[in-house]
Amino acid sequence: MNKIVFIAKTDINTDGRILNELRILKEWNKNMEVDLIVFPDKKVTITFDDSIRLHQINNRLRHNKFLRLFTVLEFTYKAFRLLRKLKPSIIHAQDSAIILPVLLYKLLYPKNLYLIYDDHEVPNENESYSKKIVDALENFLIRNSDAVIMANKERMVYLKERLQLTNSLSYFLNLPYFDYSPDIVTSSSLESKLGELQQLKKAGTRFIIHQGPLKIERGRQKMAEFCKKLPEPYVILLLGGTETDFIKFKEEYGLQNDKFLFIGQVNYEVLPLFWKKSCASIVMYLPTYTNNRLCAPNRMYLSYFLGLPIIVNKDNPVLHSFIIDYRAGAFIEDFMTNPDIEFFNQLNTLVIEDTSKESLLTKEKNKLIDLYSGVIDKMNSAKQENWLTERS
């Protein structure tokens, strides 16, 4: 049997991309087993069945920028030692934070190894010197991977041209591939928050959801200007980020409390339960730098698949084309030019067809399945040839 290893530095509780990939592969091949190596950003609170063996790498030194080099070295040593123990035939490497142990293993044990590099972010132009070193190592690993998966078509085209790639390239969108039942909510605090939202919704409040921290590159200033002109009964529902930053955001722009309802962090699988309380979403990325310009936000796709119209900034080419191609929402600039309730009335008339959603889901699932099917067939054929060679 081919041993598959996923390796990532992430908060696996909320990493929808990895969770979706694992579930798609499991549904395709029920006998598939995966070793999941995680350098966890937060305590792992979700569970996996026996087909997913979770290996957590916990460092003695963590979250200290002055000791970051030692953190990297300790993680590299522990991850490399674990890879040697597992002896994978397929490594699915998730983004740049795990480059060193994977690269080291690839260089020392290249025989019978198929490397898939899953590229989550494109380097920006304003990176620090140390980050540029990591970027150079990432580019080397990308060029030497057997297959590379990008987060959208725009990134794939950009990296193919920039790095002159000749290996197998594809992209896998961060769609919400599976529905989750409300009975997964066991936390009393989550139940309380959902109950509060339902009561406010019954009273006439209409929520526009914003997921993630209120960062500059995510349109922080545009969001503030939008809120100042937001008509009743609309309120911004904030998921993600910290309450400290939320308070700072309100104070910085002199915003009223009644324009927001702050929820904070929730795990990936319960996100749809909050989104379903909303009537629209807002997703912005300023096109200042490459990664922002070629964004691949899963919250945009989540909104689309839940039938919620999306408000985006017009000057981002990826967001702009999605809204136009899929007739999925409107542009914040149009509201700012003419802040009228009619903007929201038009949003509420948008209908997102189920057939379009199902077609897109099937297409993306099949791309991942076809990749793995081809890889496994190729490796099994090589094993058979080696066996016949040894017998002859």
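The chain is numbered in sequence order, starting from 1.
Residues that satisfy the salt bridge (charged side-chain N to carboxylate O under 4.0 Å, His left out) test with K367, not counting sequence neighbours, are E364. Shown here are the salt bridge (charged side-chain N to carboxylate O under 4.0 Å, His left out) partners of E154, two or more places apart in sequence or in another chain: there are none. With sequence neighbours left out, the salt bridge (charged side-chain N to carboxylate O under 4.0 Å, His left out) criterion links R220 to D245, E252.
Under the 30°/60° scheme for interplanar angles, the aromatic rings of F246 and F262 are found to lie parallel. Taking the six-membered ring where the residue is Trp, F80 and Y105 present perpendicular rings, their angle passing 60° and hence far from 30°. H320 and F331 have parallel rings, their planes meeting at less than 30° on a 0 to 90° scale where 60° marks the start of perpendicular. Note on ring orientation: taking the six-membered ring where Trp is involved, the planes of Y372 and F6 are parallel (angle under 30°, cut-offs 30° and 60°). Ring pair Y304/Y326 is perpendicular by interplanar angle, where above 60° counts as perpendicular and below 30° as parallel.
Remark: of the listed residues V34, T47, V44, V44 is the sole one forming a side chain to side chain contact (heavy atoms under 4.5 Å, CB included) with L54. Residue Q94 forms a side chain to side chain donor-acceptor pair (under 3.5 Å) with just one option from K9, E21, R17, and that option is E21.
Looking only at side-chain heavy atoms (C-beta outward), N2 and Y114 stay at 4.5 Å or farther from each other. Considering only heavy atoms from C-beta on, M300 comes within 4.5 Å of F322 through its side chain. With a 4.5 Å cut-off on side-chain heavy atoms, F305 and S356 do not count as touching.
Heavy atoms of other residues, nucleotides or ligands lying less than 6.0 angstrom from NZ of K248 number 12 at most. For D50, the CG atom counts as loosely surrounded, since its 6.0 Å shell holds 12 or fewer non-hydrogen atoms of other residues, nucleotides or ligands.
In plain terms, the two heavy atoms of L214 and H210 that are nearest each other are CD2-CE1, 3.7 Å. Looking at every heavy atom in both residues, S278 comes nearest to I209 through OG-CB, 3.6 Å. The minimum heavy-atom distance linking K277 with Q198 is given by the pair NZ-OE1, 2.9 Å.
Side chains of T71 and N59: no donor on one and acceptor on the other come within 3.5 Å. T244 and T242 form no side-chain donor-acceptor contact under 3.5 Å, judged by distance and modelled atom types alone. A donor atom on one side chain and an acceptor atom on the other are not found under 3.5 Å apart for N338 and D340. For the 3.5 Å distance criterion, the side chains of R155 and N291 qualify, holding a donor opposite an acceptor.
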Would K85 and D35 count as a salt bridge (charged side-chain N to carboxylate O under 4.0 Å, His left out) here? Give the steps.
CA-CA 11 Å; K85 178 182 177 181; D35 286 278; over 6 Å; no
Trace of the side chain to side chain contact (heavy atoms under 4.5 Å, CB included) decision for S373 with W28
CA-CA 9 Å; S373 178; W28 164 61; 3.7 Å; yes
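Of the possible donor and acceptor atoms, none in the side chain of N152 sits under 3.5 Å from a partner among the backbone N and O of L173. Using modelled atom types, one side-chain atom of R299 and one backbone atom of Q211 make a donor-acceptor pair closer than 3.5 Å. In this structure a side-chain-to-backbone donor-acceptor pair under 3.5 Å is missing from S359 to T355. Side chain of K26 to backbone of S51: no donor-acceptor contact under 3.5 angstrom is found.
Taken together through direct or relayed side-chain contacts under 4.5 Å among Ile, Leu, Val, Met, Phe, Trp and Tyr, L141 and L137 form part of one hydrophobic cluster. Residues I18 and L302 fall within the same hydrophobic cluster, defined by Ile, Leu, Val, Met, Phe, Trp and Tyr side chains chained together at heavy-atom separations under 4.5 Å. Put simply, L104 and I57 are part of the same group of oily side chains (I, L, V, M, F, W, Y) that touch within less than 4.5 Å, one to the next. L261 and V270 fall within the same hydrophobic cluster, where Ile, Leu, Val, Met, Phe, Trp and Tyr residues are linked whenever their side-chain heavy atoms come under 4.5 Å apart, directly or through other members. Residues L108 and I98 share a hydrophobic cluster, clusters being chains of Ile/Leu/Val/Met/Phe/Trp/Tyr side chains in contact below 4.5 Å.
A distance of 6.0 Å or more separates the ring centres of F207 and F274.
Figure legend: R23 and Y177 shown without cation-pi pairing, the cationic atom not lying both under 6.0 angstrom from the six-membered ring centre and within 45 degrees of its axis.
Using a cutoff of 4.0 Å between basic side-chain nitrogens and carboxylate oxygens, K132 and D135 are not scored as salt-bridged.
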